[in-house]
Number of protein chains: 2
Amino acid sequence: MKGQDIKDAGLKVTLPRLQILEFFEKNPGKHFSADDLFTQIRKSNNEIGLATIYRVLNQFESAGLLVKHQFDNALAIYELDTGEHHDHMVDVDSGEVKEFYNQELEELQVKLVRSYGYELIDHNMVLYVKKIK
Amino acid sequence: MKGQDIKDAGLKVTLPRLQILEFFEKNPGKHFSADDLFTQIRKSNNEIGLATIYRVLNQFESAGLLVKHQFDNALAIYELDTGEHHDHMVDVDSGEVKEFYNQELEELQVKLVRSYGYELIDHNMVLYVKKIK
DNA sequence: GTGGGTGCAAATAATTTGCACGGTA
DNA sequence: TACCGTGCAAATTATTTGCACCCAC
């Protein structure tokens with residue numbers, strides 16, 4: 001039951017929180033901005049406020065339920081945290097965001113950083129791509 | 001002579017443009033935000049306006065004189081375009097930005113993307129690191 | 001001299017915050 | 001019932017734009 005995740009995060013189970021979490025679960029592997037959620041949830045004649053969405057997204061991110069991404073200088077987008085690390089490809093024609101994971105790439109980064117005398121804490125990699133016709 | 005770059009970009013050679021370009025040339029390999037430049041150039045008792053800096057940075061970026069980066073959701077930063085592609089490491093403790101280039105990493109990305117049926121147009125890679133003590 | 005360039009202030013855009021009211025535990 | 005959560009509007013932050021004056025060519 002989805003309310004449990006919210007409770008586990010130390011948050012009260014309220015309608016806006018349920019609606020936001022449900023929306024992500026109904027659209028697995030997809031990414032949404034605060035405004036996307038605002039528009040979509042309002043469509044289902046619900047009186048949610050944009051400020052609430054921003055607040056809840058931050059809380060869910062802190063709780064580890066969602067992951068936040070900021071590509072370019074576009075709107076921040078969120079996705080369900082599946083626990084599996086991955087990076088993103090953005091199709092420059094369609095704007096579509098695709099996830100990928102490549103072990104070799106991950107290991108190479110760790111090795112590279114270490115050769116400079118650092119340890120890798122985190123990384124942010126976005127590949128901008130175009131379909132080959 | 002530095003005014004030439006500005007002229008080549010189809011822009012008039014004005015004091016603010018010279019000051020901004022000179023500032024980057026005096027600090028090679030460093031990255032600055034619009035606000036950094038504003039503060040620094042004003043210190044040398046010059047009456048530059050912040051809006052002018054934003055405008056000039058955009059013009060210089062379009063002209064290929066500068067490269068713009070947007071890490072995290074922090075201020076946009078600019079650096080001189082040396083013509084050589086590189087990526088960035090950010091030291092999470094000091095905030096210092098270091099450039100690096102790794103052929104293997106570059107090639108791996110091209111190969112990876114191609115295996116998904118795409119061609120690589122551009123990429124954005126930032127490694128967040130910590131010094132090993 | 002003319003059209004582009006500048007500084008200032010006001011406008012935007014994304015996000016955050018203050019506040020009075022409402023709902024969860 | 002106590003307090004957290006909500007919606008709305010106002011505040012913030014980074015950046016852009018309108019406008020009257022100024023200067024490079």
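Chain A is the first sequence line, chain B the second, and so forth, proteins listed ahead of strands; every chain is numbered from 1.
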Spell out, yes or no, whether A:Tyr116 and A:Met125 are grouped together once hydrophobic residues are joined by side-chain heavy atoms under 4.5 Å, including indirect joins. yes

Can you tell me the distance, in whole Å, between the CD atom of B:Gln59 and the P atom of C:dG4? 12 Å

Without decimals, in angstroms, what is the distance between B:Phe38 CZ and D:dT15 P? 14 Å

Whether the A:Asp36 and A:His31 side chains hold a donor-acceptor pair (N or O, under 3.5 Å, no angle test) is what I'd like checked. no

What is the distance, rounded to the nearest whole Å, between atom CD of A:Glu47 and atom P of C:dG22? 14 Å

May I have the distance from A:Asn46 (atom CG) to D:dC8 (atom P), rounded to whole angstrom? 13 Å

Take B:Ala34 and A:Ala51, find for each the nucleotide of DNA chain D with the closest heavy atom, and name the residue whose nucleotide sits nearer the 5' end. A:Ala51

Atom pair distance, as rounded to whole Å: CZ in B:Phe32 and P in D:dT15: 16 Å

List for me each residue that meets ring pair (Phe, Tyr, Trp, His ring centres under 6.0 Å) alongside B:Phe23, sequence neighbours excluded, and say none if there are none. B:Phe32

Touch class at under 4.0 angstrom, heavy-atom based, for A:Asn58 against every strand present: sugar-phosphate

Could you go over nucleotides 20-25 of chain D and give all protein N or O partners under 3.5 Å, atom names and distances?
residue, atom, partner, partner atom, Å
D:dC25, OP1, B:Val13, N, 3.4

D:dT13 C1' sits how many Å from B:Asp35 CG, rounded? 11 Å

Toward the 5' end of DNA chain D, which comes first, B:Leu75 or A:Leu50, by nearest nucleotide? A:Leu50

Would a 4.5 Å heavy-atom cut-off, applied to side chains only, mark A:Phe24 and A:Leu37 as touching? yes

Tell me whether the side-chain N or O atoms of B:Arg55 pair up with the base of C:dG4 as donor and acceptor below 3.5 Å, since no angle test is needed here. no

Taking CG from A:Leu18 and C1' from C:dT24, how many angstroms apart are they, rounded to a whole number? 12 Å

So do A:Glu84 and A:Tyr101 actually touch side chain to side chain, heavy atoms under 4.5 Å? no

Mind telling me whether B:His88 and B:His69 have parallel, tilted or perpendicular rings, with 30° and 60° as the class edges? perpendicular

OP1, OP2 of D:dT15 versus side-chain N and O of B:Tyr54: anything below 4.0 Å? yes

Phosphate OP1/OP2 of C:dG5: any B:Arg17 side-chain N/O under 4.0 Å: yes

When rounded to whole Å, the CD1 to P distance for the pair A:Ile41 and D:dT6 reads 11 Å

Validation row: A:Lys26, A:Gln40 side chains within 4.5 angstrom (heavy atoms): no

